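Taking it in order: structure first as structure tokens, then the write-up.
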Amino acid sequence: MDSRMMVMFRSIGMMVFAGLALAGCARMPIASAPVEDRSAIEAALKRDIGVLASDEYGGRKPGTPGEALTTEFIVSGLQAAGFESGTNDPGNPWRAPVSLVSSYPESSRIVLTSSDSTEFELAAEDAVAFISLQRELVEGAAMVFVGKLSDEVSPDTIAGKVVVMLGEPGVSPGRRETLFAMNPSAILTVVDDENAIANTRRGLVRERIVLASEEGARLTGFVTQATMAQVLGEALWSQLLDRSELDDFKPVPLNSTATIEATSQRREFTSANVIGRLAGAVPNSGAVLMLGHWDHLGECRDEGATDRICNGAVDNASGIAVMLELARRLAASGPHDRDIYVLATTAEESGLLGAKAFTEGPPIPLDTIVGAFNFDTTAIAPAGSAVGLVGRGRTPLDDVISQVMLEAKREPGDDAFANSFIQRQDGWVLLQKDVPSVMLSTAFSSREVLGDFLTGDYHRPSDEIESIELGGAIDDLLLHEALIKRIANTALYPAPGASDGG
């Protein structure tokens, strides 16, 4: 077909799709399953969510007895459906090990020495330092002021030195990541005042979990503006602040040194991603991946609280339940041309760590995955809700998703709102590796639908099965069933380039 004709037909299709969306004022359940089928799906979802979000599972925190119960439940469900282990590792069937490190800040000390050799041992209200290792000490290291610079800095300028950077809400974490890649001995972030130090302490004095492969001696400190003015002198500090705003600003070596020490309680442990595979009928035709995180926060309240457990019924027992039921239905309707993989990730709540581990050691080449679909926080929206697409515009999947939604008479949601969550879900890690990954969900269709959950039960003990709404979750399941069947069919979705998997 002529490329201009293809563009014209696609435009017409999208106009029809938009017209249907505008006309969809009344909410109607997706018309791809009879009422009795929806009832059976609802019963299965309630059953599985009830188990995963029970107090017996303890909030499904990695490294706890709840992890063993959770992963066994998922493995048993996949085995019963007809899946086989997808780890591609005979020594670790079903469960792909994920090496993690837990650390909890214990103590810190910061001493700054001025140009005239005066030592300033900073008080707790003026400074704090953190390290994921058990102990790290930097003594008498030279300091260099970089202001708000990050990737503009030459590694030679800061390697082995204590970097002094200006804090900027929402920007500082990324800036520190960039600067740490250049091997400074430590980074001091300058914040406004004692209140900012107190807020930092509240935010960071907690357990932190990282991949063992990513753990490093990243000694991070925070000091106040007033402290820097006292150590360097009011005039010099004011001059540095002014210079940092200039377009041609360059890092400035400081005639001062820093001694920074931090300690943590640290432990290493192994968690696991669960990986199952439903073998396809056409070898070397690529794979479809379904994923969702099994973990939650465990005991999230102090001793003495009426309810200490964050059970995570919506986040994300619901996503795992939808994925398991969908796996059963896909297995029952197979065989499909392409392999279908199920990935239940660990440590999503700690920074998408299970997904990162999967991409670091995938059981199949990542470039053979023709489509990945994330299931997270599904049990919120009522039946007939619009569908948000997290990842629209970033993958080749947009057209086939639009086609299936049009056939299913589904209304598109606010994709700009949905995309605001793109970096907060496991699919983001896959996207960084060029795997076409999306999250198609009624829960993320609009601020109105998701807002009450985020301001209410999210990451709280009240996220329990009594608060779930399964109408939209069933719609999501049925929409994904139609979509994955199409993408798993090599004739209906050729997906050029996916020729080495299976």
Side-chain angles (χ1 to χ4, degrees), residues 29-52 71-87 93-94 274-283 285-292 294 317-344 363-364 369-375 378-379 383 400-401 403-405 407-408 410 440-442 470-493 495 501-502:
I30 187 168
S32 62
V35 172
E36 59 271 19
D37 200 7
R38 291 181 66 92
S39 297
I41 294 172
E42 181 175 13
L45 296 183
K46 281 185 177 178
R47 179 195 65 221
D48 289 354
I49 295 170
V51 172
L52 291 166
T71 58
E72 180 56 36
F73 181 84
I74 296 170
V75 170
S76 296
L78 291 174
Q79 284 179 318
F83 278 67
E84 60 188 28
S85 169
T87 62
W94 291 102
V274 176
I275 308 177
R277 172 179 175 261
L278 184 67
V282 180
S285 61
V288 182
L289 175 67
M290 304 189 296
L291 68 152
W294 61 254
S318 68
I320 294 297
V322 168
M323 189 166 66
L324 284 176
E325 180 62 12
L326 180 54
R328 297 180 190 110
R329 293 174 67 89
L330 289 170
S333 63
H336 307 279
D337 291 347
R338 293 189 168 101
D339 291 346
I340 296 176
Y341 279 81
V342 167
L343 166 65
I364 55 173
I369 300 174
V370 300
F373 302 89
N374 191 21
F375 298 85
T378 61
V400 67
I401 290 171
Q403 292 165 10
V404 173
M405 285 183 62
E407 292 164 8
R410 301 312 311 279
L440 198 60
S441 173
T442 51
L470 290 177
I474 296 169
D475 287 352
D476 289 345
L477 186 154
L478 294 170
L479 183 62
H480 278 91
E481 183 178 15
L483 180 60
I484 290 171
K485 282 182 177 179
R486 182 162 304 183
I487 293 176
N489 186 311
T490 55
L492 296 177
Y493 193 78

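If you're wondering where the values come from, they're calculated on a predicted model, not measured in any experiment. Numbering of residues begins at 1 and proceeds along the displayed sequence.
- Within the 4.5 Å cutoff, the side chain of L326 has no heavy atoms near those of the M323 side chain.
- Using a 4.5 Å heavy-atom cutoff, the side chains of K46 and E42 are in contact.
- Note that the CG atom of L470 and the CG atom of D476 stand 11.0 Å from one another [nearest 0.5 Å].
- Annotation for T378 and G319: closest pair OG1-N, 3.7 Å, computed over non-hydrogen atoms.
- At a threshold of 4.5 Å between non-hydrogen side-chain atoms, the residues I364 and R277 do not count as touching.
- Using modelled atom types, one side-chain atom of R338 and one backbone atom of S285 make a donor-acceptor pair closer than 3.5 Å.
- Between A408 and L479, the shortest heavy-atom distance links the atoms CB-CD1, 4.1 Å.
- Aromatic ring pairs are classed by plane angle as parallel below 30°, tilted from 30° to 60° and perpendicular above 60°; the pair F375 and H480 is tilted.
- Taking 4.5 Å as the limit, some side-chain heavy atom of L478 sits within range of a side-chain heavy atom of I41.
- When side chains are defined from C-beta on, V274 does not count as touching E72, because their heavy atoms never get closer than 4.5 Å.
- Between atom CD1 of residue I74 and atom CG of residue L52 there is a gap of 6.5 Å, rounded to the nearest 0.5 Å.
- Taken to the nearest 0.5 Å, the CG atom of L289 stands 5.0 Å off from the CD1 atom of I369.
- Remark: the backbone N or O of I275 is not paired with any side-chain donor or acceptor of T87 at under 3.5 angstrom.
- In this structure, CZ in R328 is found 8.5 Å from CG in L78, a value given to the nearest 0.5 Å.
- The distance from the CG atom of L343 to the CH2 atom of W294 is 12.0 Å, given to the nearest 0.5 Å.
- Residue S318 comes nearest to A379 through the heavy atom pair OG-N, 3.5 Å, listed as atom of the first residue, atom of the second, then distance.
- In terms of heavy atoms, L477 sits closest to V322 at CD1-O, 3.7 Å.
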Please set out all donor-acceptor pairs under 3.5 angstrom arising from side-chain atoms of residues 483-491, sequence neighbours excluded.
unit_1: R486; atom_1: NH1; unit_2: E407; atom_2: OE1; d: 3.4
unit_1: R486; atom_1: NH1; unit_2: E407; atom_2: OE2; d: 3.1
unit_1: R486; atom_1: NH2; unit_2: E407; atom_2: OE1; d: 2.6
unit_1: R486; atom_1: NH2; unit_2: E407; atom_2: OE2; d: 3.4
unit_1: N489; atom_1: OD1; unit_2: A491; atom_2: N; d: 2.9
unit_1: N489; atom_1: OD1; unit_2: L492; atom_2: N; d: 3.1
unit_1: T490; atom_1: OG1; unit_2: D337; atom_2: OD2; d: 2.9

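- The shortest heavy-atom contact between L45 and A321 is CD2-O, 3.4 Å.
- Here the CH2-CD distance, from W94 to Q79, works out to 5.0 Å after rounding to the nearest 0.5 Å.
- Between A372 and L291, the shortest heavy-atom distance links the atoms CB-CD2, 4.2 Å.
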